[in-house]
Amino acid sequence: LAVQGGSGTPKHVDGLLEALVDADGQRPRLVHRIDKDTSGCLLIAKSRFAAAALAKSFRSRETRKIYWALVAGVPKLKQGRISSFLAREEKPDADMRIVTARHGGEGASHALTYYAVVEKAGKSCAWLSLKPVTGRTHQLRVHCASIGHPIVGDEKYFDRKDWDMPSGLKNRLHLL
């Protein structure tokens, strides 16, 4: 379920919140977003005041987000920092991708993620803990792919050829 609507997305969490308007006319509000294919918790505030306070906490980085991802292969460094500039790349077929860009490049924004290997399954996969400092679109997906360890099931950024999905795993985005 998408967090917010857009072209061709009539059903989304933000739209469902209309059904929860209280007696004073206050409607719950989204505090942050996650990609449609990402699993996880979504923070929703009961009032405008609470939403503003919580959003400020995210902006000031007082509140941290921690994601888990199953990635192809095992990073050589057991923990590290991924810092790059990201920009949107529009495709003629309306498929939008985020790509690494140069500092000062058109539409480029800095993105920073810290990662740590939590566990590994031989040499084929690793479970990573990801801590984004910034919150760019597809940041974690692009960052994992940029270090040569794309997230398993990522249809957009998984670029490994001749890679077989481990037995028992569903072919979906393994990002929580």
Side-chain angles (χ1 to χ4, degrees), residues 1-17 19-20 28 30-44 58 63-84 86-100 109 111-176:
L1 182 63
V3 174
Q4 290 181 308
S7 59
T9 309
K11 293 180 183 178
H12 47 85
V13 174
D14 199 31
L16 295 174
L17 297 178
L20 301 175
L30 295 171
V31 175
H32 66 99
R33 300 181 306 259
I34 56 176
D35 289 346
K36 181 172 69 170
D37 296 327
T38 302
S39 301
C41 297
L42 186 62
L43 190 57
I44 297 171
F58 275 89
T63 300
R64 293 178 301 163
K65 296 181 191 180
I66 299 174
Y67 290 79
W68 287 345
L70 181 67
V71 298
V74 179
K76 286 184 176 128
L77 295 174
K78 298 303 175 218
Q79 59 184 22
R81 172 181 188 256
I82 308 165
S83 177
S84 65
L86 304 178
R88 282 183 192 268
E89 181 182 77
E90 301 291 337
K91 299 274 187 157
D93 60 359
D95 181 36
M96 185 273 298
R97 286 177 56 96
I98 304 297
V99 296
T100 54
S109 297
L112 177 62
T113 302
Y114 290 98
Y115 75 89
V117 175
V118 176
E119 192 63 68
K120 53 187 176 177
K123 294 181 180 177
S124 66
C125 293
W127 169 20
L128 300 186
S129 171
L130 301 166
K131 296 178 183 175
V133 176
T134 54
R136 310 291 178 224
T137 302
H138 298 180
Q139 175 177 323
L140 300 177
R141 297 165 65 185
V142 174
H143 273 173
C144 287
S146 75
I147 63 168
H149 300 285
I151 298 173
V152 173
D154 190 341
E155 294 180 3
K156 196 169 283 237
Y157 301 103
F158 195 99
D159 59 358
R160 286 199 167 186
K161 305 295 181 225
D162 301 324
W163 192 83
D164 292 322
M165 180 74 70
S167 175
L169 288 181
K170 292 185 177 180
N171 190 17
R172 64 175 189 81
L173 183 66
H174 288 266
L175 178 61
L176 171 69

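Values below: every heavy atom of this structure, side chains too, minus hydrogens, waters and symmetry copies. All values derive from a computational prediction rather than experimental measurement.
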[X], [atom1] atom: more than 12 neighbouring heavy atoms under 6.0 Å:
{"X": "Lys120", "atom1": "NZ", "value": "no"}
{"X": "Trp163", "atom1": "CH2", "value": "yes"}
{"X": "Lys78", "atom1": "NZ", "value": "yes"}
{"X": "Gln79", "atom1": "CD", "value": "no"}

message = Walk me through whether Val13 and Ile44 qualify under side chain to side chain contact (heavy atoms under 4.5 Å, CB included).
response = CA-CA 10 Å; Val13 174; Ile44 297 171; 4.0 Å; yes
Starting at [atom1] of [X], measure out to [atom2] of [Y] and round the result to the nearest 0.5 Å.
{"X": "His174", "Y": "Phe158", "atom1": "NE2", "atom2": "CZ", "result": "10.0 Å"}
{"X": "Leu176", "Y": "Cys41", "atom1": "CG", "atom2": "SG", "result": "7.5 Å"}
{"X": "Ile82", "Y": "Leu77", "atom1": "CD1", "atom2": "CG", "result": "10.0 Å"}

Taking all heavy atoms of [X] and all of [Y], pick out the closest pair and write down the distance.
{"X": "Gln4", "Y": "Leu30", "answer": "CG-CD1, 3.6 Å"}
{"X": "Ser39", "Y": "Arg172", "answer": "OG-NH1, 3.8 Å"}
{"X": "Leu128", "Y": "Cys144", "answer": "CD1-SG, 4.3 Å"}
{"X": "Leu42", "Y": "Arg33", "answer": "CD1-CA, 4.3 Å"}
{"X": "His143", "Y": "Ala111", "answer": "CE1-O, 3.5 Å"}
{"X": "Tyr115", "Y": "Arg81", "answer": "CE2-N, 4.0 Å"}

Got a list of side-chain donor-acceptor pairs under 3.5 Å for residues 147-154, not counting sequence neighbours?
unit_1	atom_1	unit_2	atom_2	d
His149	ND1	Ala72	O	2.8
Asp154	OD1	Arg141	NE	3.4
Asp154	OD1	Arg141	NH2	2.8
Asp154	OD1	Lys156	N	3.1
Asp154	OD1	Tyr157	N	3.3
Asp154	OD2	Arg141	NE	3.0

In the structure I gave you, are the side-chain heavy atoms of [X] and [Y] within less than 4.5 Å of one another anywhere?
{"X": "Ile34", "Y": "His32", "answer": "yes"}
{"X": "Ser84", "Y": "Ser146", "answer": "no"}
{"X": "Thr134", "Y": "Ser109", "answer": "no"}

For this session: Check step by step if side chain to side chain contact (heavy atoms under 4.5 Å, CB included) holds for Ile66 and Leu130.
Result: CA-CA 6 Å; Ile66 299 174; Leu130 301 166; over 6 Å; no
*Within the distance-only criterion (no hydrogens, no angle test), does the side chain of Gln139 pair as donor or acceptor with the backbone N or O of Leu112 below 3.5 angstrom?*
yes
Those residues that, when tested against Asp14, pass salt bridge (charged side-chain N to carboxylate O under 4.0 Å, His left out) (two or more places apart):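 Listed in chain order: Arg27.
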Q) Leu169 and Leu70: side chain to side chain contact (heavy atoms under 4.5 Å, CB included), yes or no, with the steps? A) CA-CA 10 Å; Leu169 288 181; Leu70 181 67; 3.4 Å; yes
For Arg88 and Ile98, run side chain to side chain contact (heavy atoms under 4.5 Å, CB included): C-alpha distance rounded to whole Å, both residues' side-chain angles, the deciding distance at 0.1 Å, then the answer. CA-CA 5 Å; Arg88 282 183 192 268; Ile98 304 297; 3.8 Å; yes
From the list Leu140, Leu173, Val3, side chain to side chain contact (heavy atoms under 4.5 Å, CB included) partner of Thr38 resolves to Leu173
